[in-house]
Every structure is written in structure tokens, then in C-alpha cells.
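Scroll down for the structure; my scribbles are underneath it.
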Amino acid sequence: MRCAVLAAPAPITQRPLTIEEIPLPEASPGHVLLRVKACGVCRTDLHIVEGELPPLHPRIIPGHQIVGEVVAGAGIPIGTRVGVSWLGGTDGICAYCRRGAENLCDAPVYTGYSVNGGYAQFALVRADFTVPLPDTLDDLAAAPLLCAGIIGFRSLRMAGVQQGERVGLFGFGASAHLALPVLQAWNCEVYVSTRGESHRKLAQDLGAHWVGSERDRPPVPLDRAITFAPSGDVVISALASLRKGGVVAVNAIHLDRIPEFDYDSLLWGERQIRSVANMTRADARDFLALAAEINLRPRVTVFPLDQANDALLAVKNDAIDGAAVILPPGI
Ligand SMILES: [Zn+2]
Ligand SMILES: [Zn+2]
């Protein structure tokens, strides 16, 4: 099968992914083999490829927003279309799994990081960590929902968003552009602060209540804020926009740093900062059901598998409005 392999992390400008032909993955108990129909590109892939997340294997195929069709294995009928996300498995027995927090599992499997992912024609995945996909979502529309969408949705939950609140989105890439329609469905006022003229335009087109640059402060205190950029400065900007008792949820697996900040003016008043780690299968199910209900349509830019490096470079440069999706060659 054709795939994109990372052997040595490096800046994406050095094109660290190589396109290769390798044997099909071998069947394994509890797993199904998927023919990959589309795979979304996530900023986490960039952190893996550039080495901000340390390598776990000498060679890995990235990609954790897989739309695929079951072609072999047990437990799911052949021909079924399923989705696979970042959480590719858990041990099911650790203290976190037992208390229903499988996103914090002590022995997790991460698709495209601890096991091979979807930048490939085929992927071997745990059957019990696939999610059914609503028929209303075609392959290209479904792919970005599987991490950008689900984890954006979890971020809204972790921020404690209530109906009708004022919510800030700091950064406006793949995840934020999917969170916005969810907030609108909850009758929230959405305030978007982002760099990049085209990202601001997209936020405006999608009906944000207020849109500003990364240097502008939303005009009213916010109940909740979610940050999407891998930048601690953005977390502090979000914190500075909150009312007393407000919450910042940080939707980033990696941050450059957290700068020193003034406790009295920024955190006092029961303001909170919390990170958002991974996702649960319940998040996936709930979000995909909601996405079908509100007819969520991602803005998508397609890259052939052979251009996987270009797709990641575009994500790094914020050059894509919405989400990038990789299409493997048909079989
Ligand atoms: Zn566990
Ligand atoms: Zn992701």
C-alpha cells in the first residue's frame, strides 16, 4: 500500500514525510482493516512530524481523522463505513478508564502516533474504537469532524459552555470553524479573535457575533473562551477577556510556553484555565449525532496523499481556511 512515513522528525519545510509502498498491515485480533477513503490533517500531526511530541517508534504513519471502509477483520460487517480518531484504544482497566475518563487512560493508543494512522491506503485499527458515521456526511465532510470537530466539541464541554453565553474562540483553524456552528446551535454569542485576514473573513461569513485580530480584545467580558493556537500568549489574551468566574479551555496538545502573568488581574475572581486532553468515545458519538442534526459542513481543502508534506506546511502557515484532508489514491 502507498503511505506517508515519518522516520525522522524535522521542520516541515524539510519535508520529513516520505511516500512509500509497504506491505499491507497484518490482521490482528480485535482489529479491522480499513480501506482509507479520506484522512483529515490535524495540528497534532504537525507536532508529531516536527518532533514537538517525542517519537514513540522509529517509523510511523501519521493521521488520526480516518474515514474508512471495513475490508477485513471481525466484529464489524465488511463494507461498513466507520471513523477513527486520535484515541485509538485504551487499556480499559486503569483508574481513569474505570471512572469513565478514558481520555486520561494511563496506557492509551494514539492513532498515527503510537500506532500507524491514516496517511495511507489502508489502516489497521481497533474495532471497538471505531465510530459509526451518519450517512448524511460524505467522506470529505466527515474526516475533519473526527478530531478537529470532536476535540473542539469536548473543549466547549470542558469550558462549561451554557446556552446563550458569550464564548470566545482564540484562533480560527479547523477546530474553531467547527465549534462555531455548534455554539450557534446553542444560541451563544461567538467572539472570534484570530490572526490572518482570510480566517477573520471565514468567521464573519459563518456568522460570528464579533471578529477581531489577535491584538484586539473582545468588546465585552466573556463567559468562556477556548484557545486553539499552540501559543501561551494566546492563553493569556483569552484569560484577559474573561468575566469573573469565567473559564479558558486550552485546546492544544502542545504549547510553546506559558508566559508569566499577573495573578491579581487575570486569575483572581475564580477565573480558571484548564487543558483539554484527548477525547472519549462518548464525545465522538455525541458530537457526530449533533453534527448530523445541525448539518455541520466543514470547509475543506483536499491534498493527494503524495502531497502530505504540503498539507502540513499549509496547516503550519495557517494557509488553509477550514480543514485540510488527505485523499489516498483509489484502489
Ligand atoms: Zn485506562
Ligand atoms: Zn487531532
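One-based numbering, in listed order, for ligands and for the atoms of each. FYI, side chains are in, hydrogens and waters are out, and symmetry mates aren't considered; it's all heavy atoms of this structure. Source: prediction; values computed, not measured.
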Checklist entry - the Zn ion (ligand 2) as vertex, arms to SG of C147 and NE2 of H64: angle to 10°? => result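 Approximately 110° at the metal, rounded to tens of degrees.
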May I ask you to say whether [X] pairs ionically with [Y], meaning some side-chain N is under 4.0 Å from a carboxylate O?
| X | Y | value |
| --- | --- | --- |
| R59 | E20 | yes |
| E102 | R281 | yes |
| E69 | R81 | no |

Checklist entry - Taking 2.8 Å as the cut-off, does an N/O/S atom of D91 lie below it from the Zn ion (ligand 1)? => result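 Given the 2.8 Å cut-off, D91 counts as a ligand of the Zn ion (ligand 1).
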Checklist outcome for this item: Row for the Zn ion (ligand 1): angle SG (C97) to SG (C105), 10° precision, value 110°
Checklist entry - D45 and H64: side-chain donor and acceptor closer than 3.5 Å? => result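 Indeed, the side chains of D45 and H64 share at least one donor-acceptor pair under 3.5 Å.
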